[in-house]
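Computed from heavy atoms alone, side chains included, the values below leave out hydrogens, waters and symmetry copies.
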Amino acid sequence: MSAEGGELERTLGFVEAMTLGGGTMIGAGIFILPGIAAETAGPASSVSYAIAGFVALLAALSLSELATGMPIAGGSYHYVNRALGGLFGAVVGWGMWTGLMFASAFYMIGFGQYLVEPLPFLDGRAVIVGIGLVGLALLLGVNYYGTEESSAFQNVTIGTETAIILVFVAVGLFFIDPGNLEPFAPFGAGGVVATTGIVFISFLGFEIIATVAGEIKNPSRIIPLSMILSVVLVTILYVLVMLVSTGVIPFESLGESPIPVSDVAVVYLGPLGVIAIVFAAIIAAISSSNSSILAASRVIYAMGRDGIVTDWLNASHPRFYTPHRAIAATGGVTALLILAGLGVETIIALLAEAASFSFLVSYSLVQVSLVVFRRADPDDYDPSFALPWPVYPVVPILGVLLSLLVVSQMATVVVVIGSGIVAFGVVWYAVYARGRVVSEGLLREAIRGEPAEPFRVVVPVANPGTQRGLLRLAAASAHANEDRGTPELVAVNVTPVAHPSPLQNVEADRADHQRDLLENAHDIATEMDVTLRTRAVVAPDVGEAILDVIEDEAADEVILGWDGTLDWDGHVFGTTVDPVVRDAPCDVSLVDLRTETVGTPVALVAPGPNAPVVAHQAVEFATVDGTVPTLLNVQSPRSESDADAEARGQAVVTDAAEAAGLDPDEYDVRVVVDDDVGRAVVEATGQYDTVCVGLSGRPGGSGIRFGTVTERVVHDSPGNVALIRGS
C-alpha cells in the first residue's frame with residue numbers, strides 16, 4: 001500500500017448501486033446495438049438479449065456470493081486472483097481494465113456522434129472526437145473528486161433516460177405490426193447465438209457493482225440485491241425494446257440505421273419523441289462511460305494492491321478517498337483510445353465488441369473461482385449470501401458452458417483481439433508480476449481437499465521488528481513436531497477497530513495486512529518446509545480475537561511476541577497478552593526477542609507440570625540455528641533428601657526429558673549447586689543466547705503464575721527470554 005493509504009470510503013447505497021449497474025446496461029446497448037443485432041438475428045434478436053441476460057444472471061449470482069464474502073474493490077479480478085493465483089489474476093485484470101476502457105471510449109465517441117447528428121454545421125470526425133475528449137475530461141473530474149458525487153450524477157442521468165425508454169416501450173407496444181416479426185429467426189439459431197456475443201457488452205453493469213464493492217454500504221444486503229435485480233430488470237427492458245423496434249419497422253431497415261431507436265420513435269412519437277430519444281442516447285453514453293471509468297480505475301487500483309502492477313496505483317486521495325492515480329491512468333489510456341477513433345471509426349466499435357470476449361472469459365473464471373472457494377473453504381471467506389443447493393453447483397457449471405458457447409460463436413477478428421489480450425496477461429505475469437506476487441491462490445487446497453492432520457502453530461504478529469524472528473521460531477516448532485502431524489503455521493494479524501461501522505471499509509486494511517504477512521512469511525515457510533496460512537482479523541479486542549483464532553484453528557501451540565516489561569497493576573504482561581497466556585487451550589510461548597540470534601538455548605528445568613514443555617521447546621528453538629540446547633537445573637546444597645545435590649538435579653532433568661519424549665542426544669545436561677538459587681540461575685542462563693523458563697509460582701492479579709526466579713531472569717538475562725506455559 002502506498003504511503004497515502006489504500007482505504008476507500010463506503011458511501012454507496014442501494015439506489016446508487018442500482019444506478020451504477022443500470023447506468024452501464026441502459027446505454028449503448030439500447031441506443032446503438034439494436035440495429036446491429038437486428039441485422040444479424042432479425043426479430044429473434046430479442047432472444048439474443050434474453051440469452052445474454054441469462055448468462056449475465058448466472059455470473060451475477062456467483063459474483064453476489066463472492067462479493068459478500070470479500071466486499072473489497074476489484075470485482076471479478078480480485079476473486080479470480082485470490083482463488084486461482086496471480087497468473088489468472090493478471091489475465092482477468094488486464095482483460096477487465098482494457099475492456100472497460102474500450103467500452104468507455106466507444107461510449108464517448110457515441111456521445112459525440114449523437115451530439116453532432118442534429119447539428120450539421122458541427123459535422124466532422126475531429127469535432128466528434130473533440131467532444132468525446134471534453135466529455136471524458138469532465139467525467140474524470142467527477143470521479144477524481146468523489147465516488148458519492150459520481151453516483152449522484154449517475155442517479156440523475158439514469159432516471160431521465162429510463163423514463164424516456166419506458167415511454168418508448170409502453171407506447172410502441174401498440175404500434176407493433178405482427179407481419180414485421182415474420183420470419184422471427186431468419187438466420188437460424190446460429191445467428192441468434194452469434195448476436196448474443198455482440199450484445200453481451202450491454203450487460204457489464206452488474207460487474208461494476210462488484211468492482212466497487214469496497215465502497216458500498218451494508219454490502220451483505222445491497223450487493224446481491226442490486227446485482228440480481230439490475231440484471232433481471234434490464235434484460236426485460238432490452239427484450240421489450242427489441243420486440244418493439246423489430247415489430248414497428250422491418251428488421252432489414254433497422255439494420256441499416258445508425259440511429260435505430262430514433263428511427264423507430266419517429267413512427268409513433270413524432271419529432272418531439274425523436275428529440276427525447278436523442279437526448280436520452282446522449283446522457284446514456286455519458287452514464288455508461290462514467291460507470292466504466294469508475295470500475296476500470298478500481299480494477300487497476302486492486303491490481304496495484306496485489307502486485308500485478310506497480311504499487312504506486314494502489315493509493316487513495318488523502319482528502320477525497322478516491323483512487324486518484326488509478327483514475328488518472330485510466331483516463332489517460334481512454335483518451336488515447338478516443339483519439340484512435342479520430343482516424344478509423346470502426347476500430348473503437350471493434351474493441352468494444354472485444355470487451356464482451358474479455359468479460360465472458362472473466363466470468364468463466366469467476367464461476368471456477370466460486371467452486372475453488374467452496375472446496376478450499378478459507379477462513380476469511382464467510383459470505384452472507386450463499387447459493388443454496390441445487391442452485392450450486394448448477395449455476396457455475398451452466399455459467400462456464402454458456403459463456404464458452406457464446407465465445408465460440410463470436411466473429412473471428414473479435415476472438416483474435418480478445419485472445420491477444422489474454423496472451424498479453426500471460427506474458428505480463430511471466431515477465432513482470434511473477435516475482436512480485438506472493439499469493440499462490442487456493443487452487444492447490446481445493447484440489448487437495450481436506451488436509452492431513454496438522455500440527456498447527458499460531459503466531460500473532462504486529463511488530464515489524466520482531467515479526468520475522470517470531471515466524472522463524474514458530475516454523476521451527478511446527479517442523480520439530482512433524483511426527484505429531486503435518487507442520488502448519490498460521491500467522492495472525494489483528495486490526496483493532498473499536499466500533500466497527502458499515503461506513504468503514506475494513507476489508508481494505510485486512511487485505512493489506514494479509515499481503516504484508518505473506519511477504520514476510522513466504523520465504524521463511526519455504527526455508528523451514530512448513531505450510532503457511534495467514535489470517536487478517538478486524539476486531540475490537542486484540543486479545544480476544546487471538547483467542548478466537550486459536551480456538552478456531554484448534555492450535556497445538558501459540559508463540560507470542562512480548563516487549564519484556566512486567567506490569568503488576570492488575571496485569572502481568574498487558575491487557576492484550578494476559579488473556580492469551582491465561583486462557584489459551586494449548587502450549588503457550590511468550591517470547592521477548594532481544595537479539596536476532598536464537599543460538600544455543602538453555603531450558604531452566606525445575607520440578608513442576610511445565611518442565612517437559614520447557615525442555616521440549618528449547619529443543620525446538622535450537623533447530624533454528626542447528627544447535628544443541630542445555631537443560632539446566634539449579635540445586636541448593638541443603639535438602640531433606642539423602643541424595644546429593646548433583647544427583648537430584650540430574651534426576652529432575654532426566655524425568656523432564658523423558659516426559660517430553662526427548663532422546664539423550666538431543667540435549668546437554670547442566671546442574672548448578674549454589675546457596676543462592678536465584679543468583680545462580682541468572683549467572684548460568686546469562687551464558688546462553690536464549691533462555692526458556694516455565695511459568696510457575698504464585699498467581700498474580702490476572703491469575704497468571706509468576707515467581708521471583710522467573711522475574712529475575714526476565715530482568716537480568718541479556719539474551720532472548722521465552723516464558724513457557726503448558727496446556
Side-chain angles (χ1 to χ4, degrees), residues 14 17-18 21 50-72 74-85 88-89 92 196 200 203 205-207 209-211 213 216 218-236 359-407 441-453 507 533 535 552-554:
F14 173 73
M18 281 290 292
I51 296 173
F54 183 66
V55 175
L57 180 61
L58 296 176
L61 286 167
S62 295
L63 276 173
S64 293
E65 175 173 327
L66 292 168
T68 59
M70 295 167 287
I72 185 172
S76 294
Y77 154 72
H78 177 68
Y79 312 136
V80 172
N81 186 62
R82 179 88 171 82
L84 305 179
F88 292 98
V92 171
T196 300
F200 190 75
F203 292 89
F206 71 92
E207 165 67 40
I209 296 173
T211 306
I216 292 180
N218 193 7
S220 61
R221 177 179 176 273
I222 290 180
I223 288 176
L225 186 62
S226 57
M227 288 180 79
I228 295 170
L229 201 57
S230 62
V231 170
V232 171
L233 293 179
V234 170
T235 300
I236 294 172
F359 276 90
L360 283 165
V361 172
S362 299
Y363 293 150
S364 298
L365 293 175
V366 164
Q367 303 286 15
V368 175
S369 298
L370 176 62
V371 176
V372 168
F373 269 101
R374 283 287 188 103
R375 284 190 56 80
D377 192 23
D379 298 305
D380 56 349
Y381 180 68
D382 185 21
S384 56
F385 173 84
L387 299 180
W389 189 90
V391 178
Y392 176 90
V394 170
V395 163
I397 293 174
L398 202 56
V400 171
L401 293 177
L402 288 179
S403 295
L404 296 180
L405 173 64
V406 175
V407 165
L442 301 167
L443 191 57
R444 186 176 301 174
E445 286 81 354
I447 295 174
R448 188 170 54 203
E450 288 294 325
E453 189 65 28
E507 292 298 327
R533 289 191 292 111
R535 292 188 62 169
D552 287 346
E553 297 287 350

Open item on the list: Is it true that, when you exclude Arg374 itself, more than 12 heavy atoms of the residues, nucleotides or ligands shown sit nearer than 6.0 Å to its CZ?
Closed with: yes
Task: Minimal non-hydrogen separation, Phe200 against Ala56, with atom names - done: CE1-N, 4.0 Å
Task: Glu65 versus Tyr79, side-chain donor and acceptor atoms under 3.5 Å - done: no
- [ ] Would you please test Leu398 and Phe54 for side chain to side chain contact (heavy atoms under 4.5 Å, CB included) and show each step?
- [x] CA-CA 10 Å; Leu398 202 56; Phe54 183 66; 4.0 Å; yes
Open item on the list: So Leu401 and Leu405, do their side chains get closer than 4.5 Å, heavy atoms only?
Closed with: no
Task: Atom pair CG (Leu370) and CG (Leu387), whose distance is rounded to the nearest 0.5 Å - done: 6.0 Å
Task: Approximate separation, where rounding is to 0.5 Å, of His78 NE2 and Leu66 CG - done: 9.5 Å
- [ ] Could you check if a side-chain atom of Ile209 sits within less than 4.5 angstrom of a side-chain atom of Ser230, using non-hydrogen atoms only?
- [x] yes
Task: Spacing of CD1 belonging to Ile223 relative to OG belonging to Ser384, to within rounding of 0.5 Å - done: 8.0 Å
Open item on the list: Do Leu402 and Leu58 have side chains that approach each other closer than 4.5 Å (heavy atoms only, starting at C-beta)?
Closed with: yes
Task: Between CG on residue Leu84 and OG on residue Ser369, distance to nearest 0.5 Å - done: 4.0 Å
TODO: Specify the closest pair of heavy atoms between Gln367 and Val400, including all atoms of both residues, with the distance to one decimal.
DONE: CB-CG2, 3.5 Å
Task: Leu404 side chain near Ser364 side chain, heavy-atom distance below 4.5 Å - done: yes
Open item on the list: Less than 4.5 Å apart, side chain to side chain, heavy atoms only: is that true for Val92 and Asn81?
Closed with: no
Open item on the list: With a 3.5 Å distance limit and no angle check, can you tell me whether Thr196 reaches the backbone of Val406 through a side-chain donor-acceptor pair?
Closed with: no
Task: From Arg221 atom CZ to Thr68 atom OG1, the distance as rounded to the nearest 0.5 Å - done: 13.5 Å
Open item on the list: Taking the side chain as everything from C-beta on, heavy atoms only, tell me whether Leu63 gets closer than 4.5 Å to Tyr363.
Closed with: yes
- [ ] Of all the heavy-atom pairs spanning Ser362 and Val80, show the shortest one and how long it is.
- [x] O-CG2, 4.5 Å
TODO: Take Met18 and Leu233, measure what side chain to side chain contact (heavy atoms under 4.5 Å, CB included) needs, and give me the verdict at the end.
DONE: CA-CA 10 Å; Met18 281 290 292; Leu233 293 179; 4.3 Å; yes
Task: Heavy-atom pair with the smallest gap, counting every atom of Val231 and Ala60 - done: CG2-CB, 4.1 Å
- [ ] Would you name the heavy atoms of Phe203 and Ala52 that are closest together and state the gap between them?
- [x] CE1-CB, 3.6 Å
TODO: Measure the spacing between CG of Leu360 and OG of Ser403 and express it to the nearest 0.5 Å.
DONE: 5.5 Å
Open item on the list: Students often mix this up, so state it plainly: with edges at 30° and 60°, are the rings of Tyr381 and Phe373 parallel, tilted or perpendicular?
Closed with: tilted
Task: Criterion side chain to side chain contact (heavy atoms under 4.5 Å, CB included) on Leu57 and Thr235, from CA distance to verdict - done: CA-CA 9 Å; Leu57 180 61; Thr235 300; over 6 Å; no
- [ ] Begin from the C-alpha positions of Tyr392 and Ile397 and carry the test side chain to side chain contact (heavy atoms under 4.5 Å, CB included) through to its verdict.
- [x] CA-CA 9 Å; Tyr392 176 90; Ile397 293 174; over 6 Å; no
